[in-house]
Amino acid sequence: MQRTTLVLVAVTAAAAAVATPWLVGWRTEQLVRARVAAVEGDRDARIRLRIDTYERGWRGAQARIAVVGRDGETLATLPAAIRHWPFASGGPADWVATPELSPKVRDALGPWGAKLPDLTTRTRLSWGGDALTLVESTAFKRRVPEVAGGTVEIAAIAGTVDWRREGALTYEFALPVFRVERQPIGRRDAPDVVEFRDAVLKGDGWLGTPERRWSHQG
C-alpha cells in the first residue's frame, strides 16, 4: 500500500511538473494579448501594437509583435523569444528581443539608419501583468561614406521602460555620448559636428488608457 502511494505521488508530481510550464505559458499569452488589446483600444494613442505571430510551446514561445503608427504602417517589429516559468526569472515569463526597424523608418533616417547599432531589449513580465524592459546597446563608431565621409559615434546606451498593468508608463534612458560628424563636399572649413554628452531622457504618462497626461524631460 505504501509503495502504491509513493508511486501515485511520484506520478502526480511528474504530471504537475510537465503541466505547469504549459499552464504558465497559456497565462503568459493571455497577459500579453491583454496588454496589446489595451493599446489597440486607446484610439488616441500615437502608436499601436499588433501581434503578428504567437507560437506557444512548453518551455516558451516565439512571438512577433509589431509597433504600428497611426497611419497603420509598421514602424518596428519585436521578435521575442519568450521563456515560461520556472525557466524564466521573477515572474511567469521573460523574453529577449532585438527591434527590427521597418523600411519606412530606415528610409526616413537616410544613410545614418543603416549604421545604427542594434538595441537589445530584455523584458520581465510580473504575475500581475506589469512589464519591465531593460534596453541596452554596445558602444560603437562607424563611418558613413554616403554622407561625405561622415561618422556617427554612440556610447553604450542603457535605459528602462516600466509599463504597469493599469497603463502607467515611465521611461529613462542614459546617452553618455552621441556624436555625429560630417564634412560636406565642397567646404574646406571645420566639419559639422553635433554632440551630446551625459544626456538623460525620461518621462512618464499612460499607454492603453483614456488618460492623456505626459511629462518629458531631457
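These values consider heavy atoms only, across backbone and side chains, with no hydrogens, waters or symmetry-generated copies.
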Q: Could you grab the distance from atom CG of Leu31 to atom CH2 of Trp26, nearest 0.5 Å is fine?
A: 9.0 Å

Q | Donor-acceptor pair, side chain of Asp130 and main chain of Arg165, under 3.5 angstrom | A | yes

Q: Mind checking salt bridge (charged side-chain N to carboxylate O under 4.0 Å, His left out) for Lys141 and listing every partner two or more places apart, or none if nothing turns up?
A: none

(Q) To check you understand the geometry: which heavy-atom pair defines the closest contact between Gly91 and Trp127, and what is its length? (A) CA-NE1, 3.6 Å

Q. Does the side chain of Thr123 reach to within under 4.5 Å of the side chain of Leu134, using non-hydrogen atoms?
A. no

Q: Sequence neighbours left out, what passes side-chain hydrogen bond (donor to acceptor under 3.5 Å, both in side chains) with Ser102? Give chain and number order.
A: none

**Q.** Set of salt bridge (charged side-chain N to carboxylate O under 4.0 Å, His left out) partners for Glu100, sequence neighbours left out
**A.** Arg64

Q) Does Arg35 have any salt bridge (charged side-chain N to carboxylate O under 4.0 Å, His left out) partners at least two apart in sequence or in another chain, and if so, which? A) none

Q.
Quick check: do Val32 and Ile51 have side-chain heavy atoms less than 4.5 Å from each other?
A. yes

(Q) To check you understand the geometry: which heavy-atom pair defines the closest contact between Val39 and Arg48, and what is its length? (A) CG1-CA, 4.0 Å

Q.
Among Thr133, Thr170, Leu169, exactly one meets side chain to side chain contact (heavy atoms under 4.5 Å, CB included) together with Asp162. Which residue is that?
A. Thr170

Q: Could you grab the distance from atom OG1 of Thr138 to atom CD1 of Ile154, nearest 0.5 Å is fine?
A: 10.0 Å

Q. Which atom pair, heavy atoms only, marks the closest approach of Arg50 to Thr74?
A. NH2-OG1, 3.1 Å

Q. Are Glu166 and Trp206 side-chain neighbours, meaning at least one heavy-atom pair lies under 4.5 Å?
A. yes

Q.
Looking at every heavy atom in both Ala155 and Pro176, which two are closest together, and how far apart are they?
A. CB-CB, 4.0 Å

Q.
Rounded at 0.5 Å granularity, tell me how far CD in Gln62 sits from CD in Glu55.
A. 7.5 Å

Q) What's the verdict on side-chain contact (heavy atoms from CB on, under 4.5 Å) for Thr77 and Val67, showing C-alpha distance, side-chain angles and the deciding distance? A) CA-CA 6 Å; Thr77 302; Val67 180; over 6 Å; no

Q | Pairing residues for Glu172 by the salt bridge (charged side-chain N to carboxylate O under 4.0 Å, His left out) criterion, not counting sequence neighbours | A | none

Q: Test Val180 against Val193 for side-chain contact (heavy atoms from CB on, under 4.5 Å), laying out the working first.
A: CA-CA 6 Å; Val180 174; Val193 176; over 6 Å; no

Q. Can you find a pair of side-chain heavy atoms, one from Thr28 and one from Leu125, that are under 4.5 Å apart?
A. yes

Q) Does the pair Arg179 and Arg197 meet the rule for a side-chain contact (heavy atoms from CB on, under 4.5 Å), with working shown? A) CA-CA 8 Å; Arg179 178 184 175 92; Arg197 288 187 177 273; 5.6 Å; no

(Q) Show me the pairs that pass salt bridge (Lys or Arg N to Asp or Glu O under 4.0 Å) and involve residues 78-98, at least two apart or across chains. (A) Arg83-Asp94

Q: Mark yes or no for whether Thr121, through its side chain, and Ala97, through its backbone, hold a donor-acceptor pair below 3.5 Å.
A: yes

(Q) For Gly128, is there any backbone N or O sitting under 3.5 Å from a side-chain donor or acceptor partner on Ser126? (A) yes

Q: Determine whether Arg122 and Glu136 make a side-chain contact, defined as any pair of heavy atoms from C-beta on separated by less than 4.5 Å.
A: yes

(Q) Let me check something: do Ile65 and Val68 share a hydrophobic cluster, defined by ILVMFWY side-chain heavy atoms less than 4.5 Å apart, either directly or through other members? (A) no

Q: Indicate yes or no: at least one non-hydrogen side-chain atom of His84 is less than 4.5 angstrom from one of Arg56.
A: yes

Q. Taking everything shown except Arg164 itself, do over 12 heavy atoms lie less than 6.0 Å from its CZ?
A. no

Q: Decide side-chain contact (heavy atoms from CB on, under 4.5 Å) for Phe173 and Lys202; before the verdict, give the C-alpha distance in whole Å, the side-chain angles of both, and the deciding distance to 0.1 Å.
A: CA-CA 6 Å; Phe173 292 90; Lys202 59 183 179 180; over 6 Å; no

Q: Following the transitive rule for hydrophobic clusters with a side-chain heavy-atom cut-off under 4.5 Å over Ile, Leu, Val, Met, Phe, Trp and Tyr, establish whether Val96 and Leu78 coincide in one cluster.
A: no

(Q) Could you check whether any side-chain heavy atom of Arg33 comes within less than 4.5 Å of a side-chain heavy atom of Tyr54, counting everything from C-beta outward? (A) yes

Q. When hydrophobic residues are tied together by side-chain contacts of less than 4.5 Å, even through go-betweens, does Val177 share a cluster with Val200?
A. no

Q: Specify the closest pair of heavy atoms between Val161 and Tyr171, including all atoms of both residues, with the distance to one decimal.
A: CG2-CB, 4.2 Å

Q. Closest approach of Leu201 and Leu175, non-hydrogen atoms and distance?
A. CD1-CD1, 4.2 Å

